[in-house]
**Student:** 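Questions regarding the structure given below will be posed in turn.
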Amino acid sequence: MKVQAVLDNLAKRFPNEPEYLQAVEEVLTSIEDVYNQHPEFEKVNLIERLCIPDRIFSFRVTWMDDKGGVHTNMGYRIQHNNCIGPYKGGLRFHTSVNPSILKFLAFEQTFKNALTTLPMGGGKGGSDFSAKGKSDAEVMRFCQAFVLELWRHIGPNTDVPAGDIGVGGREVNYMYGMYKKLARENTGTFTGKSLEGGGSLIRPEATGYGNVYFLLEMLKTKNIDIKGKIITVSGSGNVAQYTTEKLIELGAKVVTMSDSNGYIYDPEGIDKEKLDYIMELKNVWRGRIKEYADKYGCKYVEGKRPWGEKCDIALPSATQNEIDGRDAQMLVDNGCIAVSEGANMPSTPEAIAIFQKNNILYAPGKAANAGGVSVSGLEMTQNSIKLSWSKEEVDEKLKGIMKDIHTQCVKYGTNPDGSINYVKGANVAGFMKVAKAMMAQGVI
Ligand code: NDP
Ligand code: 2IT
């Protein structure tokens with residue numbers, strides 16, 4: 001394989017998909033050597049079959065607002081690869097959603113899920129619908145209309161969706177309610193369900209906690225203690241909230257959180273009481289992060305991301321491409337020693353190059369944020385065996401999985417000088433597992 005030739009070909013076929021091409025380039029560049037040691041891969045054009053999704057469903061979603069107005073949105077589901085297990089991955093509801101973004105996410109999900117050690121293939125879906133400013137009844141009607149189309153393509157052993165940006169417990173429960181009615185069964189085709197409705201303990205916490213567990217493993221390789229470390233977190237949704245919760249518990253000091261309007265900087269640190277306020281603000285009132293600054297009298301910066309604030313560790317937990325080269329340079333110049341990605345692809349290629357050049361601990365999302373989908377996998381297991389595990393049991397399993405992913409990164413990503421290239425480690429480990437499964441299953 002010549003990476004540039006494959007990329008040029010994909011760029012020609014999918015010219016309007018920059019995020020997808022960005023994600024593919026990152027993976028192909030780091031697996032090139034390993035791939036070329038296996039001529040049997042090239043013989044069956046494994047690389048194109050791995051980069052291009054198995055299939056994409058797209059559909060119109062029609063729904064009615066509270067005043068009787070009728071609206072249309074686009075709905076999508078990308079079934080990327082199911083060699084390791086049923087397609088698995090979240091649904092994103094955000095105005096920016098388009099095929100390029102979902103294809104990048106489904107591609108990434110395939111490698112991430114391979115790393116989790118659980119039997120899950122990769123998929124992703126969503127809609128350009130936004131719940132912002134909508135009533136609860138409108139959100140319910142949208143979710144029901146979305147599933148009215150989606151339901152025939154998914155199932156507990158075919159494709160199991162979950163949440164992502166704009167899709168939390170509320171939306172998953174509405175979608176699952178409608179799915180159950182249409183499919184006439186209740187075996188858990190969505191994950192992230194309410195506890196009472198078949199969900200797993202620790203699923204809401206899993207992505208944020210998992211990212212911190214991964215960070216602890218990285219810090220351990222350098223004998224660094226997390227206690228007292230100053231941390232910048234971006235986002236204030238599901239991932240950011242539980243990242244902050246775990247960090248507070250471990251004695252670190254989180255000084256920033258953000259939303260799409262701006263960020264707050266609290267030099268005193270966000271403590272448990274302030275985090276409770278953020279959770280209520282974001283999950284119940286659905287307000288803006290600026291209200292935190294108004295309430296606690298700290299700095300609020302409109303329209304900016306938090307990477308210019310001095311920190312020891314940065315945990316981007318909002319969205320893709322939220323750290324560019326300039327941000328990365330500011331982080332490094334300010335003494336940041338580690339970046340662990342709660343979000344999917346939050347760092348641009350320029351930012352990643354700067355982290356690596358400066359030898360800081362840098363974990364890509366497909367390794368660091370795999371805790372969410374891992375506990376989704378554990379939710380599927382519990383649904384299958386019709387049992388619920390305790391909080392402690394799920395948390396222990398999550399810790400074990402994050403440790404295992406770290407070990408895989410070390411195995412495939414250790415440089416001759418002993419430093420660890422987590423990008424290479426995660427990509428090669430994930431790729432080799434998917435590739436072996438694809439080879440065994442023949443040309444399909
Ligand atoms: P939420 O919808 O709960 O929160 C998203 C947060 O990011 C909000 O604070 C939101 O602000 C902010 N945000 C979203 N889009 C933008 C944007 N374009 N610019 C700036 N800020 C933005 O989503 P999650 O916390 O679930 O997801 C966050 C990230 O983590 C995503 O990249 C997701 O793919 C990834 N992830 C999520 C997992 C999960 O289990 N939920 C698992 C693994 C990864 P606002 O409220 O203003 O929109
Ligand atoms: O990006 C992700 O891993 C998720 N949004 C979670 C997917 C899942 O199926 O739990």
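All ligand and atom numbering here is 1-based and tracks the order in the structure. Only heavy atoms go into these numbers, but all of them, side chains included; no hydrogens, no water, no symmetry mates.
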**Student:** Need the ligand 1 atom indices (1-based, order shown) with element for anything under 4.0 Å from a heavy-atom of Arg92.
**Tutor:**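 Those atoms are 31 (C), 32 (O), 33 (C), 34 (O).
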
**Student:** Both conditions, 6.0 Å and 45 degrees, for the charged tip of Lys295 above the ring of Tyr277: are they met here?
**Tutor:** yes

**Student:** Taking only heavy atoms of Ser236, which atoms of ligand 1 are found under 4.0 Å from at least one of them?
**Tutor:**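 Atoms satisfying the 4.0 Å criterion: 9 (O).
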
**Student:** Which of the atoms of ligand 1 are close to Asn369, meaning less than 4.0 Å from one of its heavy atoms?
**Tutor:** 43 (C), 44 (C)

**Student:** Measure the distance from atom 24 (P) of ligand 1 to every protein heavy atom, then report the residue, atom name and distance (to 0.1 Å) of the closest one.
**Tutor:** Val239 CG2, 3.8 Å

**Student:** So which bit of Arg305 gets within less than 4.0 Å of ligand 1, heavy atoms only: side chain, backbone, both or neither?
**Tutor:**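 Near ligand 1, Arg305 shows nothing, with every heavy atom at 4.0 Å or more.
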
**Student:** Which ligand 1 atoms, with their elements, are less than 4.0 angstrom from a heavy-atom of Ala343?
**Tutor:**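 Reading through ligand 1 atom by atom, the close ones are 29 (C), 30 (O), 32 (O), 35 (C).
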
**Student:** Check the angle between the aromatic planes of Tyr292 and Tyr296 and answer parallel, tilted or perpendicular using the 30° and 60° thresholds.
**Tutor:** tilted

**Student:** Identify the closest protein heavy atom to atom 48 (O) of ligand 1: which residue and atom is it, and at what distance?
**Tutor:**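 Here the nearest protein heavy atom works out to Lys132 NZ, 2.9 Å.
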
**Student:** Between Asp324 and Arg305, is there a salt bridge with N-O shorter than 4.0 Å?
**Tutor:**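 Counted as a salt bridge, because a side-chain N and a carboxylate O are separated by less than 4.0 Å.
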
**Student:** Between Asn344 and ligand 2, find which residue part has any heavy-atom pair under 4.0 Å and reply side chain, backbone, both or neither.
**Tutor:**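 Side chain only.
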
**Student:** Can you list the steps and then say if Tyr422 with Gln356 is a side chain to side chain donor-acceptor pair (under 3.5 Å)?
**Tutor:** CA-CA 10 Å; Tyr422 287 90; Gln356 292 184 329; over 6 Å; no

**Student:** Assess whether a salt bridge exists between Lys229 and Asp312, defined as any Lys/Arg side-chain N lying under 4.0 Å from an Asp/Glu carboxylate O.
**Tutor:** no

**Student:** Which atoms of ligand 2 sit under 4.0 Å from any heavy atom of Ala162?
**Tutor:**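 The list of qualifying atoms is 8 (C), 9 (O), 10 (O).
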
**Student:** Between Glu291 and Arg288, is there a side-chain N and carboxylate O pair less than 4.0 Å apart?
**Tutor:** no

**Student:** Could you tell me, atom by atom, which parts of ligand 2 come under 4.0 Å of a heavy atom of Gly163?
**Tutor:** 4 (C), 5 (N), 6 (C)

**Student:** Can you confirm, on distance only, whether ligand 1 has an N/O atom lying under 3.5 Å from any N/O atom belonging to Gln320?
**Tutor:**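 No; the residue has no nitrogen or oxygen that sits under 3.5 Å from a nitrogen or oxygen of the ligand.
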
**Student:** Taking distance alone, with N or O pairs closer than 3.5 Å, would you say Asn344 contacts ligand 1?
**Tutor:**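 In this structure, Asn344 places an N or O atom under 3.5 Å from an N or O of ligand 1.
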
**Student:** Which of the numbered atoms in ligand 2 are under 4.0 angstrom from any heavy atom belonging to Ser376?
**Tutor:** 8 (C), 9 (O), 10 (O)

**Student:** Tell me whether ligand 1 is touched by Met257 - counting only heavy atoms on the residue side and a distance under 4.0 Å.
**Tutor:**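 It does not; every heavy atom stays at 4.0 Å or beyond.
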
**Student:** Considering the heavy atoms of Ile165, write down every atom of ligand 1 situated less than 4.0 Å from one of them.
**Tutor:**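 Atoms satisfying the 4.0 Å criterion: 2 (O), 23 (O), 27 (O), 31 (C).
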
**Student:** Working to the nearest 0.5 Å, report the span between CG of Asp266 and NZ of Lys253.
**Tutor:**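 Interatomic distance, Asp266 CG to Lys253 NZ, rounded to 0.5 Å: 8.5 Å.
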
**Student:** Would you call Lys272 and Glu245 a salt bridge, using N to O less than 4.0 angstrom?
**Tutor:** yes

**Student:** Is there a side chain to side chain donor-acceptor pair (under 3.5 Å) between Asp395 and Tyr213? Walk through the geometry before answering.
**Tutor:** CA-CA 10 Å; Asp395 201 23; Tyr213 297 154; 2.8 Å; yes

**Student:** What I want to find out is whether Arg326 reaches Asp333 closely enough, with some N-O distance under 4.0 Å, to be called a salt bridge.
**Tutor:** no

**Student:** If we ignore hydrogens and angles and just use 3.5 Å, is the side chain of Glu171 paired with the main-chain N or O of Val139 as donor and acceptor?
**Tutor:**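 No: the side chain of Glu171 does not pair with the backbone of Val139.
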
**Student:** Tell me the protein heavy atom at minimum distance from atom 33 (C) of ligand 1, and give that distance in Å.
**Tutor:** Asp164 OD1, 3.2 Å

**Student:** One residue to check: Thr207. Relative to ligand 1, which of side chain, backbone, both or neither has a non-hydrogen atom less than 4.0 Å away?
**Tutor:**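 Thr207 to ligand 1: side-chain contact only, backbone stays beyond 4.0 Å.
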
**Student:** For ligand 1, which atoms have a heavy atom of Thr319 less than 4.0 angstrom away?
**Tutor:**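 Numbered from 1, ligand 1 contributes 15 (N), 16 (C), 17 (C), 18 (N), 19 (N), 32 (O).
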
**Student:** Heavy atom of Arg288 under 4.0 Å from ligand 1?
**Tutor:** yes

**Student:** Looking at atom 3 (O) of ligand 1, what's its closest protein heavy atom, distance included?
**Tutor:** Asn238 N, 2.9 Å

**Student:** Would you say Asp159's side chain and Ile154's backbone share a donor-acceptor pair under 3.5 angstrom?
**Tutor:** no

**Student:** Please tell me if atom 20 (C) of ligand 1 is touched by the protein, where touching means a protein heavy-atom distance below 4.0 Å.
**Tutor:** yes

**Student:** Taking Met120 as the fixed residue, which of Asn82, Asn113, Ile84 is the one that meets the side-chain contact (heavy atoms from CB on, under 4.5 Å) rule?
**Tutor:** Asn113

**Student:** Can you tell me how far apart NE2 (His80) and CD (Glu108) are? Round to the nearest 0.5 Å.
**Tutor:** 10.0 Å

**Student:** Please verify the inter-ring angle class for Phe129 with Trp63; under 30° counts as parallel, over 60° as perpendicular, anything in between as tilted.
**Tutor:**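 It falls in the perpendicular class, over 60°.
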
**Student:** Among all protein heavy atoms in this structure, tell me which lies nearest to atom 7 (C) of ligand 2, with the distance rounded to 0.1 Å.
**Tutor:**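 It is Gly90 N, 3.5 Å.
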
**Student:** With rounding to the nearest 0.5 angstrom, report the CE to OH distance, Met402 to Tyr209.
**Tutor:** 14.5 Å

**Student:** Tell me, please: is Arg203 in heavy-atom contact with ligand 1, that is, under 4.0 Å?
**Tutor:** yes

**Student:** Which option, Arg203, Lys88, Lys112, owns the non-hydrogen atom nearest atom 6 (C) of ligand 2?
**Tutor:** Arg203

**Student:** Could you tell me whether Ser317 approaches ligand 1 through its side chain, its backbone, both or neither, with non-hydrogen atoms closer than 4.0 Å?
**Tutor:**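 Answer for Ser317: backbone.
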
**Student:** Going from OG on Ser340 to CG on Leu216, what distance comes out if it is rounded to the nearest 0.5 angstrom?
**Tutor:**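 Here the interatomic distance stands at 9.5 Å.
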
**Student:** Does at least one non-hydrogen atom of Lys124 fall below 4.0 angstrom from an atom of ligand 2?
**Tutor:** yes

**Student:** Looking only at protein heavy atoms, which one is nearest to atom 29 (C) of ligand 1, and what is the separation?
**Tutor:**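 For this ligand atom, the closest protein heavy atom is Ala318 O, 3.2 Å.
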
**Student:** For Ser258, is the nearest heavy atom under 4.0 Å from an atom of ligand 1?
**Tutor:**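 Under 4.0 Å: yes for Ser258.
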
**Student:** Can you list the atoms of ligand 1 that are under 4.0 Å from a heavy atom of Gly342?
**Tutor:** 30 (O), 35 (C), 36 (N), 44 (C)

**Student:** Please list the nearest protein heavy atom to atom 6 (C) of ligand 1 with its residue and the distance rounded to 0.1 Å.
**Tutor:** Gly237 N, 4.0 Å

**Student:** Would you mind listing which atoms of ligand 1 come within a distance below 4.0 Å of any non-hydrogen atom of Gly235?
**Tutor:**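 Checking each atom against Gly235, I get 9 (O).
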
**Student:** At under 4.0 Å between heavy atoms, is it the side chain or the backbone of Ser234 that contacts ligand 1, or both, or neither?
**Tutor:** neither

**Student:** Salt bridge check, Glu26 against Lys366: does any charged N sit closer than 4.0 Å to a carboxylate O?
**Tutor:**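 Counted as a salt bridge, because a side-chain N and a carboxylate O are separated by less than 4.0 Å.
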
**Student:** Please confirm whether the backbone N or O of Gly269 pairs with a side-chain atom of Lys274, one donor and one acceptor, at under 3.5 Å?
**Tutor:**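 Side chain of Lys274 to backbone of Gly269, a donor-acceptor pair under 3.5 Å: yes, one is there.
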
**Student:** Which residue holds the protein heavy atom closest to atom 15 (N) of ligand 1, what is that atom called, and what is the gap in Å?
**Tutor:** His94 NE2, 3.7 Å

**Student:** Provide, to 0.1 Å, the distance between atom 2 (O) of ligand 1 and the closest protein heavy atom, together with that atom's residue and name.
**Tutor:** Gly166 N, 2.9 Å

**Student:** Return yes if some donor-acceptor pair links the side-chain N/O of Ser200 with the main-chain N/O of Arg203 below 3.5 Å, else return no.
**Tutor:** no

**Student:** Side chain or backbone of Glu108 under 4.0 Å from ligand 1, or both, or neither, by non-hydrogen atoms?
**Tutor:**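 Under 4.0 Å from ligand 1, Glu108 contributes no heavy atoms.
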
